[in-house]
Amino acid sequence: MGRVVIDVMPKPEILDPQGKAVVGALARLGFAEFAGARQGKRFELEFEGEVDQAVLDRAREAAQTLLSNPVIEDVVAVRAASDPE
Amino acid sequence: MGRVVIDVMPKPEILDPQGKAVVGALARLGFAEFAGARQGKRFELEFEGEVDQAVLDRAREAAQTLLSNPVIEDVVAVRAASDPE
Amino acid sequence: MRIGVVTFPGSLDDRDAVRAVRIAGGTPVSLWHDDADIKGVDAVVLPGGFSYGDYLRCGAIARFSPVMNEIIRLAGPPDQVSSGLPVLGICNGFQVLTESHLLPGALVRNEKQQFICRDQKLRIERTSTAWTNGYAEGQEIVIPLKNGEGGFIADESTLDRLEGEGRVVARYLDVNPNGSRRDIAGISNASGTVVGLMPHPEHATEAGYGPEANNGTDGLAFFTSALQGVLSA
Amino acid sequence: MTSDSINTYGENLDALGASAPLTEQQRQALDTVDKARKTPDVDQPWAALGMKADEYEAVRKILDRRPTGSELAMYSVMWSEHCSYKSSKVHLRQFGEKTTPAMQEHLLVGIGENAGVVDIGQGWAVTFKVESHNHPSYVEPYQGAATGVGGIVRDIISMGARPVAVMDPLRFGALDHPDTHRVLPGIVAGVGGYGNCLGLPNIGGEVSFDPCYQGNPLVNALAVGTLRHEDIHLANARGNGNLVVLFGARTGGDGIGGASILASDTFTEGGPTKRPAVQVGDPFAEKVLIECCLDLFKADVVQGIQDLGAAGLSCAFSELASNGDGGMLVHLDRAPLRDSTLAPEEILMSESQERMMAVVTPEDLPGFLAITTRWDVEATVMGEVTETGRLVVLWHGETIVDVPPRSVAHDGPVYDRPYARPDWMDVRQAAVPDLLPRPQNDTELGELVVTMAGTPNLASRSWVTDQYDRYVQGNTAQAMPDDAGVLRVDESSGLGVAIATDCNQRFAALDPYTGAQLALAEAYRNVGVAGGRPLAVTDCLNFGSPEDPAVMWQFAEAVRGLADGCQQLGIPVTGGNVSLYNQTGTTAIHPTPVVGVLGVLQDVARRTPSGWKAPGAQLFLLGTTRAEFSGSEWAWSQHEHLGGLPPAVDLEAERALASVMATAADEGLVFAAHDLSDGGLAQALVEASLRHGVGASVSLDAALERDGVDAFTLLFAESTARAVVAVKPEAVEQFTQACAGNGVPLVELGTTGGDSLAVAGRFSLTLDELRASHEATLPAALNA
Ligand SMILES: Nc1ncnc2c1ncn2[C@@H]1O[C@H](COP(=O)(O)OP(=O)(O)O)[C@@H](O)[C@H]1O
Ligand SMILES: [Mg+2]
């Protein structure tokens, strides 16, 4: 069973209310050193078999059509679960 | 400016309705080869300075107290933005 | 006049939209997400709710349903000036419209990170649409707002363009409940046929069951407008 | 029918979950009935499953052998306090015994079914029920509260009704306690997250703060459904050869042992498996399930539907069989699983959410599956109804359960636990609040009105209620912050219902018998004031450990009080829920018998709202005020005092008040009416003025003279059977006569209007300062 990891983050220029809320909460809990935060999504897709380039291409296609909204989000990574980021 | 990436995923034994919905939608869009999906969160925290072990420890603490709900989620990675997963 | 109301799995306000169409004097026609046939309706309402649980992103999964493929085709490109099928997306329906790229921008989590339900004051800013021609320009109305992800965002140039082309249909007054950029509550496509609105006019069409203000029927004109527009077309 | 003969429904083989055969090793390890017979002396973990030694012995006796692991799982979970009501049953009987034939007139389905059903006229019926989800909400506030809403809604669906509203009586520790800040936002978000996503308007509830709930918040959830008389369905498995179909979500490891371990004993660490300790709800799946069930009922392709809640399949199999012909054969390995490693015992105990079980005739199966397919709901034929009188469960063909279903579902142990009025009640009741310092002059009195408007228990609840959709479905005539939620049931006639839930736990702590009646009286009054004619009661009895005789006494007294009260008011208890073991360490919560009352309005357009909208209405105070401060919000919030005897109950006066208010609503005599409860007259005037920003000018003199009390008492005492009413000027005469005719004392207070609350000769408070106090408290505490 192979696994593909897809990371989706809000575009840097887009306001990220969740990230803003996280910074506020971090500060209140004494983690003020983290002055910025953004919150995105991480998907793990399971695939029957090896994850090769063809699978990654398909996963990227899925990431771009369904798993992210290009108006506000970027697909920042598509990789096999074992690969480095 | 350093950046810490934190990955949080629903615990494997916990129902993940979002992941379920993603699998269903993928299948309808013709990506049926991805038979399983889980959806988690990815946080990027910004830090003024280098990200060293001490910062990562603090980030892990933040991940475990605020950014994840230990009852239903696992912190699967805490790393410097440039580090491999 | 036949107005279609789409039901996706997880749609909630579909029955309310049907009722609103009927109160306005139209004939509601129920449309099913899985059926590309829109039964020759004159206009379509995409109702509020949590289509597919709003998992992934609000409206993202509904956007790929057979009925939406057909609606997207009939509505025409967002910037075309000649008019296509009139579509009103309310709340989740608005989210479906932005996910479908029939309208620009996106709707994100409320600034306060909480679901909010309140009687919301709006100003109608564009009346040359299929859904707001029954209002006076600048008219202030109160209709319910209820959403968790109702913050309208777009990049500055898109916002400028929307303003410049007069495509902001309604703006929040008094309180910006969800952090929407420039207090935007609703927008339209270029021709004014497709309108997305975060608050719920269908919940303000019947005296006694809507907000206290103005008898609670401030939303009715969205539906009577559609009948007007369709008649005069 | 065996697993072979089911093939006669060849085209529906999809519905027969296929599973891989057992390996020889797995077969060896399986605890079958055969094996149980041959190995009588195996040690079984009955104690870890929350069973007592004599209960385990009783099971052995019923079966005439040791139970298999699966049987033990079923008995332990079904005989837990939560499922069997073993400690409460002997007392709850009173609800039935004290229901007179007259009270049954409107009762279509009474206690004992998934939810009671009440006839509201014109062929319409309403079903409603309140349930607790206290412990799970403490462990995981969001999911605990969410799944609490999900569970009660499934009860309503199983009766054949369309769910139309929810309510949420909530109780937390002190507002400034850190744990309140952990649990409250999550619980509120969970109630909203699930209810909003189901498309059910939230039309009311409670938010109460008291240190007794620190470490044990109470999350009660009430659901309401509507149906036509002919649509009532009962969950039972009748008809030899009829099929038992499991549909909805897949079964996972959620909440295994939850029913027995979470709800019957205080928390135990870890547990035997590393299965998830909490259930996660999927409101989308439940919304689809609602529509799917309604379509199934409409198409008439089901005999009955049972919801899966606590005790999951164990409960559904045994209750369906026990309520029906008494036999059932089940192939457990067909259950679609989310986690393929689950053992049969775990599948039987799993409390995975969003599942239902239907009894379907073989002829109806294709129609049934067509509907589940349309809604994309997974459905699996698990087995069939038999006439054997036995519930037989097979696992890959091996018999792992063979029991009389009644012994599991209905003939569990019954305890008449010892109870005794604790001695400390004397001390508590003797500690009257008479000597507590009071305002010294009118200025201080005015200041107290402002302060009280902002105490945690009296402050505006909108921080909570603004997170709930009250508009969806378009039938909400009235919701928060009015006294009762009012729903239209019939769109053409306007026929509808009013519902309120109430309980003042401090009153119940001072005297549980009276306290329960006061909860009933308050909910009844809220419904009555809105113009509803009260018809039926549901209750959620939240108490500490029944093994503590003092708690058991509180419980017995509360039930007796509630049953007597219902009898006197002539409205039956139609269903409810008992939640015991609510305590932190050995300290029990205050007894908290939450009572929900449902009333009928012939036309909800005629309801009476709680706040006045316009100047010029005549204000009257109905009822009599006495110096009743024990358990009051004033004594508690200003002096942290709790002692004495609670206010006197006068159910005849409540009935008269409700009757006047029903007439006033029908005949359109009044603009607004607000009942008096926590915080007394002062708080009622404040709330009714703030509601639409229209103040009032009142004089206390007439009331002071008539009742012989001082201004402080008139403003803050919590005497019952009272309301403030804004009467239409032209109807004063008629209204006064209605009061006289019903023996309801009335005294003039003044008129509505202005932007302040002015009390002649004493003080005048601007609505702005009152609003600032009333609205600041919750946001200030919770947004921090
Ligand atoms: N948790 C809640 N959910 C929904 N409504 C609530 C909740 N708590 C309080 N409310 C509503 O707020 C209003 C004021 O509550 P409360 O003061 O307890 O009413 P009352 O004293 O009339 O019983 C009522 O309309 C009540 O239904
Ligand atoms: Mg009240």
Side-chain angles (χ1 to χ4, degrees), chain C residues 7-20 22-23 32-35 47-56 58 61 91-92 110 112-120 143-148 175 177 199-213 215-216 219, chain D residues 162 185 188-189 191-202 281-292 374-377 462-480 486-488 491 494 496 603-607 609 611 613 691-692 779 782-783:
Chain C
T7 298
F8 300 102
S11 288
L12 304 179
D13 301 312
D14 45 344
R15 296 195 302 149
D16 302 65
V18 162
R19 186 193 291 118
R22 195 181 307 118
I23 291 172
W32 182 242
H33 71 111
D34 210 17
D35 187 351
F50 295 75
S51 55
Y52 295 92
D54 273 356
Y55 298 137
L56 187 57
C58 302
I61 299 178
C91 194
N92 194 231
N110 293 349
K112 284 202 193 114
Q113 308 287 305
Q114 285 172 350
F115 186 95
I116 179 154
C117 176
R118 70 189 308 270
D119 296 350
Q120 178 68 44
I143 61 178
L145 171 121
K146 34 169 231 186
N147 62 63
V175 173
H200 290 259
E202 81 283 16
H203 289 321
T205 54
E206 204 182 358
Y209 301 92
E212 302 277 354
N215 219 11
Chain D
R162 171 178 280 281
V188 170
V191 169
Y194 207 100
N196 294 342
C197 192
L198 283 190
L200 297 178
N202 186 312
D282 180 354
F284 168 65
E286 179 130 322
K287 164 67 180 167
V288 169
L289 210 48
I290 293 175
E291 299 301 332
C292 179
R374 174 177 156 89
W375 286 102
D376 206 8
V377 166
S462 52
W463 189 93
V464 172
T465 58
D466 284 357
Q467 297 187 48
Y468 302 152
D469 182 352
R470 58 182 177 276
Y471 284 110
V472 62
Q473 297 198 8
N475 288 313
T476 307
Q478 188 167 291
M480 307 76 81
V486 178
L487 285 175
R488 174 173 62 180
E491 288 196 27
D603 182 359
V604 294
R606 295 183 166 276
R607 72 193 177 275
K613 295 188 184 117
R691 185 77 174 87
H692 300 289
L782 296 169
N783 292 348

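Numbered from 1 within each chain, the chains take letters A, B, ... in sequence-line order.
Between C:Glu212 and D:Arg691 a salt bridge is recorded (basic side-chain N to carboxylate O distance below 4.0 Å). A salt bridge does not link D:Asp466 to C:Arg118: none of the charged nitrogens lies less than 4.0 Å from a carboxylate oxygen.
Residue D:Leu200 does not touch chain C at all, counting heavy-atom pairs closer than 4.5 Å. For D:Ala477, the parts sitting under 4.5 Å from any heavy atom of chain C are the backbone and the side chain alike. In this structure, the portion of D:Glu491 lying under 4.5 Å from any heavy atom of chain C is its side chain and not its backbone.
Put simply, the side chain of D:Arg470 does not reach to within 4.5 Å of the side chain of C:Lys146, judged on heavy atoms. You'll find the side chain of D:Asn475 reaches within 4.5 Å of the side chain of C:Arg19, heavy atoms only.
In terms of heavy-atom pairs under 4.5 angstrom with chain C, the leader among D:Arg607, D:Arg374, D:Arg488, D:Gln473 is D:Arg488. Annotation: maximal heavy-atom pairing with chain C below 4.5 Å, among D:Gly474, D:Gly199, D:Ser462, occurs at D:Gly474. Ranked by non-hydrogen atom pairs under 4.5 Å with chain C, the options D:Glu291, D:Arg162, D:Gln478, D:Lys613 are led by D:Arg162. Considering only heavy-atom pairs separated by less than 4.5 Å from chain D, the leading option among C:Phe115, C:Phe50, C:Tyr209, C:Trp32 is C:Tyr209. Taking chain C as the reference chain and counting heavy-atom pairs below 4.5 Å, the highest number among D:Val604, D:Thr476, D:Val288 is found for D:Thr476.
At distances below 3.5 Å, not a single donor-acceptor pair connects side-chain atoms of C:Arg15 with backbone N or O atoms of D:Val472.
Residues C:Tyr55 and D:Asp282 bring a donor and an acceptor atom of their side chains to less than 3.5 Å of each other.
The two residues C:Cys117 and D:Tyr471 come nearest to each other via the heavy atoms SG-CD1, 4.0 Å.
A 6.0 Å sphere centred on CG of D:Asp376 holds no more than 12 heavy atoms belonging to other residues, nucleotides or ligands.
At a heavy-atom cut-off of under 4.5 Å, chain D is reached by C:Pro9, C:Gly10, C:Ser11, C:Leu12, C:Asp13 from residues 7-14 of chain C, listed in order of number.
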